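Okay, structure first, notes after.
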Amino acid sequence: MQVAIGQPGFAMEQGIKVHYTISRSEIGRAAIRALMAAGLAVQPEENVSELTVEQVEHENKEWYSIQVTPQCITLKVAAPQALHLAAQTLAQSVGADSDGKSALPSMVVTDAPLLPYRGLMLDPCRHPQTVEETKKMLRIMARYKLNHLHWHLADDQGWRIEIKKYPRLTEVGSHRAETPTLANHEVGDGTPTQPFYFTQDEVRDVVSYAHSLGITVIPEIEVPGHSSAAIAAYPELGNHDVPGYAPQVATTWGVLPYTYAPKEVTMRFLNDVFAEVCALFPRAKFVHIGGDEAPRDQWQKSPFVRSFMQENGMRHAGQVQHWFTHRMAELLAGHGRRIVGWDEIIDDGAVPGDAVVMYWRSWVRPSSLLRALRSGHDVIQSPDSHFYFNFSQGKLPADPAYRPHGSLTAEQDWRHVYSYNPVPAGLTPEQKKHLIGLQANCWSESIADGRKLEYQTVPRICALAEVAWRPAELRRADEFLQRIRAQYPWFEQQKINYRREDGTPALP
Ligand code: ACM
């Protein structure tokens, strides 16, 4: 970025005047939509052309360049998705001219991200986020050029997406008898929750809003574990021949014993559920199947599963999960999608080569990141050592609502996030190509509302965005702090409850 400091800029008082010829081309229309989604005013006008847009060849589909002079803004992009990135750069560059009026500086920018997948995961299962809270997070993500929302829609503690063919998923699975208190996760609050789920209309609304901001939404339905809510709704899907079988929507956090049984009725169910899910997420090339923390106890105890294993020549119950992963990959390939799974999916044997591994278990040795790369899988990194935004950032307000959970290995403030190097030393060029993304996860056991979500996420999200964007050797934390500080007026204007430098929340 080269900025002509002290030179006149491009006046923004009346927005960007766009000649109607621009709106005749597809790329021109897409540019106008992206500028408006980024909050910039665009005025159609007969005799002025202040915007030109051109698509050029570049191997990085998110490459873009911007030239601003007092007369004109020139955008060049490798593909339409880069228009959103250019538009956000313009929106962030609006300042004041020497006369104090709103203006863009005269400048030249060429830019492209390090990693193509830059994501955030929201978990409406433990504590829900409303449609409006979800959209506010999407606006924050777009500002920092994150391009994927991973939406964790089904877990033990709640099923959060309407599925027309299986109404009990939401009738039974979308509420629970009580919730662990924030102050002490061992104690329940004794209060039944209201049913909460996204209707299919609401899902379409969120997906299309995200799309207008250049963000793709990746749905996640957990298979084969973290499935208590679905099994409570349809007990025949679980291992009902084990002693003491009594599935319910979970009222505690952690890893629960309920898993799907490897039966045809389960496969019919998953087939139907993912058919509706794929229709609701038409642009998601990836669909997340979960795959983490699936206990084997019920499979080991179930006479049905034991004979299933014998018939299929399986020697240990981990192979049942492996069977599920293959069936899900096959099923989703039928919809033209690739599966994404938490890194446990590679623990029990080879899985289809196009499966994307989401690396989260930073503590497992040998490293599942390296194992995934050596097996030729694309990897999205979200190690809990750096990118679990539910974890503490250090100094906290006294309010129990702000207390973190889990045993923390570090104070994961933005500096800690910023210290991550997403390209480990010693990889071959081929392995490096498989490092496709970086993501932070906002698990919501301790995040009961939108305010806390913002406190946990902002400004760490800025550090996430830059780690995914800029090669590690070009990053300097102290210089970055200056740029975080430049965001405070936007946080204030957007009424974001960001974490201040002294650890206090910005909103009372
Ligand atoms: C996870 O944190 N269980 C993916």
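Counting starts at 1 for both ligands and their atoms, following the listed order. Computed from a predicted structure; not experimentally measured.
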Partners passing side chain to side chain contact (heavy atoms under 4.5 Å, CB included) against Lys61 (at least two apart in sequence or in another chain): Ala79, Gln81

Lys452 bridged to Asp399 by N-O distance under 4.0 Å: no

Sequence neighbours excluded, every pair satisfying side-chain hydrogen bond (donor to acceptor under 3.5 Å, both in side chains) that has a member inside residues 467-477: Asp111-Trp469

Electrostatic pair Asp478-Arg415, nearest N-O below 4.0 angstrom: yes

Ligand 1: protein N/O within less than 3.5 Å of ligand N/O:
| residue | atom | partner | partner atom | Å |
| --- | --- | --- | --- | --- |
| ligand 1 | 2 (O) | Tyr388 | OH | 2.6 |
| ligand 1 | 3 (N) | Asp292 | OD2 | 2.7 |
| ligand 1 | 3 (N) | Glu293 | OE1 | 3.2 |

Heavy-atom neighbours of Tyr197 OH exceed 12 at 6.0 Å: no

Sequence neighbours excluded, every pair satisfying side-chain hydrogen bond (donor to acceptor under 3.5 Å, both in side chains) that has a member inside residues 302-320: Asp241-Ser302

